[in-house]
2 protein chains.
Amino acid sequence: MPKLGMEPIRRAALIDATIAEIGAAGTLDVTVSRIARRAGVSSALAHHYFGGKDDILLAAMRHVLRDYGREVTRRLGRQTAPWARLEAIVEGSFAPSNFRSDVVSAWLNFYVLALSSPEAARLHRVYAGRLRSNLLSALRPLAGDRALALAERAAFLIDGAYLNQGLAPGAPDGEAAARHVLQALGAELSGS
Amino acid sequence: MPKLGMEPIRRAALIDATIAEIGAAGTLDVTVSRIARRAGVSSALAHHYFGGKDDILLAAMRHVLRDYGREVTRRLGRQTAPWARLEAIVEGSFAPSNFRSDVVSAWLNFYVLALSSPEAARLHRVYAGRLRSNLLSALRPLAGDRALALAERAAFLIDGAYLNQGLAPGAPDGEAAARHVLQALGAELSGS
DNA sequence: CTGTTTATTGATTGACGAGTCAATTAAAGA
DNA sequence: TCTTTAATTGACTCGTCAATCAATAAACAG
C-alpha cells in the first residue's frame, strides 16, 4: 500500500534504527537486515534508498554530527561573554540528546570508522576543526596566546570524557562530565 | 620440517601480526588468513594455537595492555617524589613503543571492542582501574581531597590525546602529547 | 481508463571467511 | 627401528550477508 512521499520518512527511520542498532550491538558489525527490521521495512528497501551499507553508516554518522552541532550552535547563539560561550560549547557537547548511551556508543564506533573510511575521516575532521575553532574563539579573550594550547586540551578532555563515559558501566552522566571539563578549564585559567 | 618448541614463537608472531594488520586496516575486520599470512603461517595454524578469531584478538589486546603497563611500571619504579611519579605515568603512557601509529590504531579498536565483548570490557576495566589508582597515589600528596577529581581529568586527557593522535594525520608525537598533559596538570595544581 | 511513476518485498545470487579435518613431515623417545 | 607426539597445511564445509532483480500494488497524470 504505497503512499507517496515516503522517502524522507524511511530515510529518517532507517538512520535512527542504524544508531539504535549500533548502540545496542556496540559495533558496526550490524546487518542491513537488522537495521531494516528495526525500522519496520525490508532490507531491500534500505538498499533502495541508500545504495549500500557504507552509505547507511555514513548517513548515520552525519546525522549524529549534525545533531551535535545543532545543540552547540543553539546554546552558542545566545551568548556573547567568553566564559559563557565556553560553557555553551561544553554543555552542548554533553547535552542529553547527544549523550544518550546508544548515541555515544555509535559515536565511538564512527570515530574508529574514520581510521578506515576516507569519507568518515573527512566528517571527523570537520567536527574536530569546528570544535577547535569554537573553543579557540571563546578562549582567545580569556587566555591570549595560551588559547591554542588550552583549546587543544579542552578538546582532549571532551573526547576523553566521551570515551570513558561510553565505556563506563551504568547510564552516562552528561552534567557531571560537563562540570568536570569546565572546572578543569576554570582552574587553568585562574592560575595564569 | 617441524622443529619443536615452536608454540611461543608462533604465538608471538601471530600477535604481532594481528596488531600490525589491525593497525594497517584500521579496523578489527581483518581476516585470520591475512594475519596468518603476515606471520608467515597458514590460517589453520592460527586456529590451532588460539582456537578462534576472538581469542587472537583478545590475546593481542592483552599484549598491548601488558606492554603499556610495563612501560609505566618501569618508569615508576625509580621515582618516589609525587610529581616525578606523575611524570613517569604520563611519559610512560606516551612512550614510543606504545605510541606507534599502528599500536594506537589497534588500541582504539580494542577500546571499542570493549563495547561488545565482555572479556575485552574486563581487560579495559583493569587498565582503567590501574591508571586511576596510579594517578591517585601520585596526586594525593599534591592535591589532597581534589586528587580524585584531578586523577579523573588526567585520565580523560590521556585517553583524549590517544584518540586525537590516533586520528590526526601524520605520525603521532608522544612527547608533545605528554607535555600537553603534564602542563595541564601543573597549571591546575599551581592554581590551588 | 491507461500508462507511468513510486513504494515495496520475497527470493536469489555470489562472495567471502571462520572453523574443521585428514594427511604429511620430522623430531624425540623407547 | 618403531612409535608416539608436535608442527603444519591444503582442501573442504557451512553460514552469513550484501547486493540484485523481477514482480506486485497503489497513487497519479492525461
Side-chain angles (χ1 to χ4, degrees), chain A residues 1-61 106 109-110 113 116-120, chain B residues 1-61 106 109-110 113 116-120:
Chain A
M1 331 83 179
K3 284 180 187 164
L4 275 273
M6 281 290 105
E7 175 156 359
I9 294 160
R10 296 307 190 197
R11 288 188 99 95
L14 282 164
I15 286 174
D16 284 351
T18 303
I19 293 166
E21 201 67 32
I22 292 172
T27 165
L28 297 179
D29 247 323
V30 291
T31 69
V32 175
S33 300
R34 285 189 68 88
I35 293 171
R37 174 128 24 105
R38 190 184 279 254
V41 299
S42 74
S43 73
L45 195 68
H47 280 100
H48 175 63
Y49 281 129
F50 282 96
K53 186 181 175 178
D54 294 351
D55 303 280
I56 303 179
L57 258 32
L58 289 172
M61 180 171 178
N109 275 284
F110 293 145
L113 179 63
S116 58
S117 152
E119 176 62 6
Chain B
M1 335 79 176
K3 281 180 189 164
L4 276 275
M6 281 291 105
E7 175 155 0
I9 295 160
R10 295 309 190 197
R11 289 188 98 97
L14 282 163
I15 287 175
D16 284 351
T18 303
I19 294 166
E21 201 68 32
I22 293 172
T27 165
L28 296 179
D29 247 324
V30 291
T31 69
V32 175
S33 300
R34 286 187 68 87
I35 293 171
R37 173 130 23 106
R38 191 184 279 254
V41 300
S42 74
S43 74
L45 195 68
H47 279 100
H48 176 63
Y49 281 129
F50 283 97
K53 185 180 176 179
D54 294 352
D55 304 281
I56 303 179
L57 258 32
L58 289 171
M61 180 171 178
N109 275 284
F110 293 144
L113 179 63
S116 59
S117 153
E119 175 64 6

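The sequence lines fix the lettering, A, B, ..., with proteins before strands; numbering per chain opens at 1. This is a predicted model, so every value here is computed, not measured.
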Quiz item: Between D/dA6 atom P and B/I9 atom CD1, what is the distance in whole Å?
Solution: 16 Å

Give me, pair by pair, the N or O atoms of the protein and of nucleotides 9-12 of chain D that are less than 3.5 Å apart, along with how far apart they are.
unit_1	atom_1	unit_2	atom_2	d
D/dT9	OP2	B/S42	N	2.9
D/dT9	OP2	B/S42	OG	3.2

Exercise. Could you tell me which non-hydrogen atom of A/I22 sits nearest to which non-hydrogen atom of A/A106, and how far apart they are?
Key: CG2-CA, 3.8 Å

Quiz item: Looking at CD of B/E21 and CG of B/L14, how far apart are the two atoms once the value is rounded to the nearest 0.5 Å?
Solution: 11.5 Å

Quiz item: What are the two closest heavy atoms between B/R38 and B/A17, and how far apart are they?
Solution: CD-O, 3.7 Å

Practice problem: With sequence neighbours excluded, tell me which residues meet salt bridge (charged side-chain N to carboxylate O under 4.0 Å, His left out) with B/E7. | Solution: B/R11

Sub-3.5 Å pairs of nitrogen or oxygen atoms, protein against nucleotides 14-18 of chain C:
unit_1	atom_1	unit_2	atom_2	d
C/dA18	OP1	B/K53	NZ	3.4
C/dA18	OP2	B/V32	N	3.1

Self-check item: N/O (side chain, B/Y49) to phosphate O (OP1/OP2, D/dA6) under 4.0 Å
Solution: no

Quiz item: Any idea which heavy atoms bring A/H47 and A/V32 closest together, and the distance?
Solution: CE1-CG1, 3.7 Å

Exercise. Search all heavy atoms of A/A120 against all heavy atoms of A/M61 and return the closest pair with its distance.
Key: O-CE, 3.4 Å

Quiz item: Does A/D55 reach the main-chain N or O of A/G52 with its side chain, forming a donor-acceptor pair under 3.5 Å?
Solution: yes

Quiz item: A/D54 CG to D/dA19 C1': how many Å, rounded?
Solution: 12 Å

Quiz item: Below 4.5 Å, heavy atoms only, C-beta onward: do A/I19 and A/I15 meet side chain to side chain?
Solution: yes

Quiz item: Roughly how many Å is it from CD in B/E7 to C1' in C/dA27, rounded to a whole number?
Solution: 17 Å

Exercise. Measure from CZ on B/R11 to P on D/dA7 and round the result to the nearest Å.
Key: 11 Å

Quiz item: Just how far, in rounded Å, is C1' of C/dG29 from CG of B/L4?
Solution: 11 Å

Quiz item: Could you state the CZ-P distance from A/R34 to D/dT16, rounded to the nearest angstrom?
Solution: 13 Å

